[in-house]
Amino acid sequence: MTYETVRGMRDILPEEVGYWTSLELQVREVARLYNYREIRPPIVEYTELFSRGIGEATDVVGKEMFTFPDKKGRSLTLRPEATASVVRAYVEHGLHAKEPFQKLFYIGPMFRYEKPQKGRSRQFHQYGIEAIGSLDPSLDVEVIEVAWTLMDSLGLGGLSLRLNSIGCAKDREGYREVLRAHFSSRIAAMCEDCQRRYLENPLRILDCKDPRCQAAIESAPGSSEHLCADCASHFSQVRALLEERSLSYRIDGRLVRGLDYYTRTVFELVSEDLGAQDALLGGGRYDDLVERLGGPPTPGVGFAGGMDRLVLVLTERAKAVSCSERLDLFVVALGDDGRKAAFTLARAIRRAGVSVDLDYRGRPLRKQMAYADSLASRTVLVLGESEVASGRGRLKDMDSREEEDVPLTAEGISSAIARRRGRWNLTSS
Ligand code: HAM
């Protein structure tokens, strides 16, 4: 009997992990530049957090959540996204009492019961930022700039920003009526989901991908044409600030995003490298969410991006092979004395910060050398009877093929490797 991963979940194998850590490092670096601090909410939350926070009528809540009862019959859910959790934490821990303005970021797995396909899975990974506590349009632009800077730093080409404003709660109410009027004569020919959405929340019709619904959606009026004076002014300030910073955008009046908490600014960033249909990342304002989840009225804005497809692109381009991925030293140990000495020496060298590995299978020299090659070890040291007896060995640089006589002490070997490290960092392969 063998076991497989659950459908839509997958292992990230050691060959791939380097790309993930490089991407995580880059997220952390950009977050540091803009002063966002990390928060790590739990993966399991009470279901109500999402049904209330994200909205019952959304596909995420209605169809895609992994929900189950705990032993006491309380309904729990594997988080499908992190904004609701971050806002819960903000309210639960009274972060607003200490400092109402908080800039936070997160990285971690999310769960949605979707049809698995390339780069889309049921356990997927997101990084995201949330800036809570200000209505300032320059904060919307900062959030967009963080997204753009990050994608740029990863070398993603052909970036384009889709931008819209869906206004305040009142504007959305009005816009829903505008949409109902538009769809009323068309809804009979549309999919069953849209017929339900028409009654529950016609905004959700705009996310529908069913071919039967596309013509009616494409002719629907845009939300940014139906904003109150305050929201219209907020939106024009966001646009002016984007233009000032040369962040080009395209207004898409029908971009409403699939989650109910959004207000005012919404955006998505797409890249030619990923194909235009699938957003690299998306976000927007959620000025009512803190209050909806029991906190004081507090605005917020943020975005999240999927890491899985990004890693696929990075892997294909081999853009992120980090030099730290390579092993510093492989000790080829021969005979009982050699193995014993290598085992002790490796421990001491690791304490000096040098990564070391050995062969634990008692194999001949040739096989051990081939293994060192497969690990892309930067250096190799052979330890046999004569080396143990003389207390000296030859350290071989596997890239330059140079050899160097070294004493068999942790200090002697680690300082020889430290001297070479400067050169490795320069060539960084
Ligand atoms: P979202 O648009 O649902 O927004 O997801 C953000 C990103 O996560 C998407 O653009 C996509 O890259 C990725 N993603 C979503 N579902 C999957 C999946 N099944 N497999 C792979 N990647 C996926 C949110 O989650 C909001 N919380 C964003 C936000 C933060 N808004 C304000 N603050």
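Order of listing sets the numbers, starting from 1, for every ligand and every atom in it. FYI, side chains are in, hydrogens and waters are out, and symmetry mates aren't considered; it's all heavy atoms of this structure.
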**Message:** Looking at Asp11 and Leu13, would you say the former's side chain and the latter's main chain have a donor-acceptor pair under 3.5 Å?
**Reply:** no
**Request:** Kindly check if the number of other-residue, nucleotide or ligand heavy atoms within 6.0 Å of NZ (Lys170) is above 12?
**Result:**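 No - once you tally the heavy atoms of other residues, nucleotides and ligands closer than 6.0 Å, there are 12 at most.
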**Message:** Using a 6.0 Å cut-off, check whether atom CZ of Arg212 has over 12 heavy atoms from anything other than its own residue.
**Reply:**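 Atom CZ in Arg212 is crowded, with more than 12 foreign heavy atoms closer than 6.0 Å.
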Ligand 1 N/O to protein N/O, distances under 3.5 Å:
{"residue": "ligand 1", "atom": "2 (O)", "partner": "Arg257", "partner atom": "NH1", "Å": "3.0"}
{"residue": "ligand 1", "atom": "2 (O)", "partner": "Arg257", "partner atom": "NH2", "Å": "2.9"}
{"residue": "ligand 1", "atom": "3 (O)", "partner": "Arg112", "partner atom": "NH1", "Å": "2.9"}
{"residue": "ligand 1", "atom": "3 (O)", "partner": "Arg112", "partner atom": "NH2", "Å": "2.9"}
{"residue": "ligand 1", "atom": "4 (O)", "partner": "Arg257", "partner atom": "NH2", "Å": "3.0"}
{"residue": "ligand 1", "atom": "5 (O)", "partner": "Gln126", "partner atom": "NE2", "Å": "3.2"}
{"residue": "ligand 1", "atom": "8 (O)", "partner": "Gln126", "partner atom": "NE2", "Å": "3.1"}
{"residue": "ligand 1", "atom": "10 (O)", "partner": "Ala279", "partner atom": "O", "Å": "3.4"}
{"residue": "ligand 1", "atom": "12 (O)", "partner": "Ala279", "partner atom": "O", "Å": "3.2"}
{"residue": "ligand 1", "atom": "12 (O)", "partner": "Leu280", "partner atom": "O", "Å": "3.3"}
{"residue": "ligand 1", "atom": "12 (O)", "partner": "Gly306", "partner atom": "N", "Å": "3.1"}
{"residue": "ligand 1", "atom": "16 (N)", "partner": "Arg120", "partner atom": "NH2", "Å": "3.4"}
{"residue": "ligand 1", "atom": "19 (N)", "partner": "Glu114", "partner atom": "OE2", "Å": "2.6"}
{"residue": "ligand 1", "atom": "19 (N)", "partner": "Ser121", "partner atom": "O", "Å": "3.0"}
{"residue": "ligand 1", "atom": "20 (N)", "partner": "Ser121", "partner atom": "N", "Å": "3.3"}
{"residue": "ligand 1", "atom": "25 (O)", "partner": "Arg112", "partner atom": "NH2", "Å": "3.1"}
{"residue": "ligand 1", "atom": "25 (O)", "partner": "Gln126", "partner atom": "NE2", "Å": "3.1"}
{"residue": "ligand 1", "atom": "27 (N)", "partner": "Glu81", "partner atom": "OE1", "Å": "2.5"}
{"residue": "ligand 1", "atom": "27 (N)", "partner": "Thr83", "partner atom": "OG1", "Å": "2.8"}
{"residue": "ligand 1", "atom": "27 (N)", "partner": "Tyr261", "partner atom": "OH", "Å": "3.0"}
{"residue": "ligand 1", "atom": "31 (N)", "partner": "Tyr262", "partner atom": "OH", "Å": "2.6"}
{"residue": "ligand 1", "atom": "33 (N)", "partner": "Thr83", "partner atom": "OG1", "Å": "3.3"}
{"residue": "ligand 1", "atom": "33 (N)", "partner": "Glu130", "partner atom": "OE1", "Å": "2.8"}
{"residue": "ligand 1", "atom": "33 (N)", "partner": "Glu130", "partner atom": "OE2", "Å": "3.1"}
{"residue": "ligand 1", "atom": "33 (N)", "partner": "Phe303", "partner atom": "N", "Å": "3.4"}

**Prompt:** Does Phe66 have its ring centroid less than 6.0 Å away from the ring centroid of Tyr113?
**Reply:**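 Between Tyr113 and Phe66, which both carry aromatic rings, the centre distance is below 6.0 Å.
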**Among Asp373, Leu375, Val356, Leu381, side chain to side chain contact (heavy atoms under 4.5 Å, CB included) partner for Phe330** = Leu375
**Message:** Quick one, Tyr34 and Ile129 - any side-chain contact, counting heavy atoms below 4.5 Å?
**Reply:**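 SC-SC contact between Tyr34 and Ile129 ruled out.
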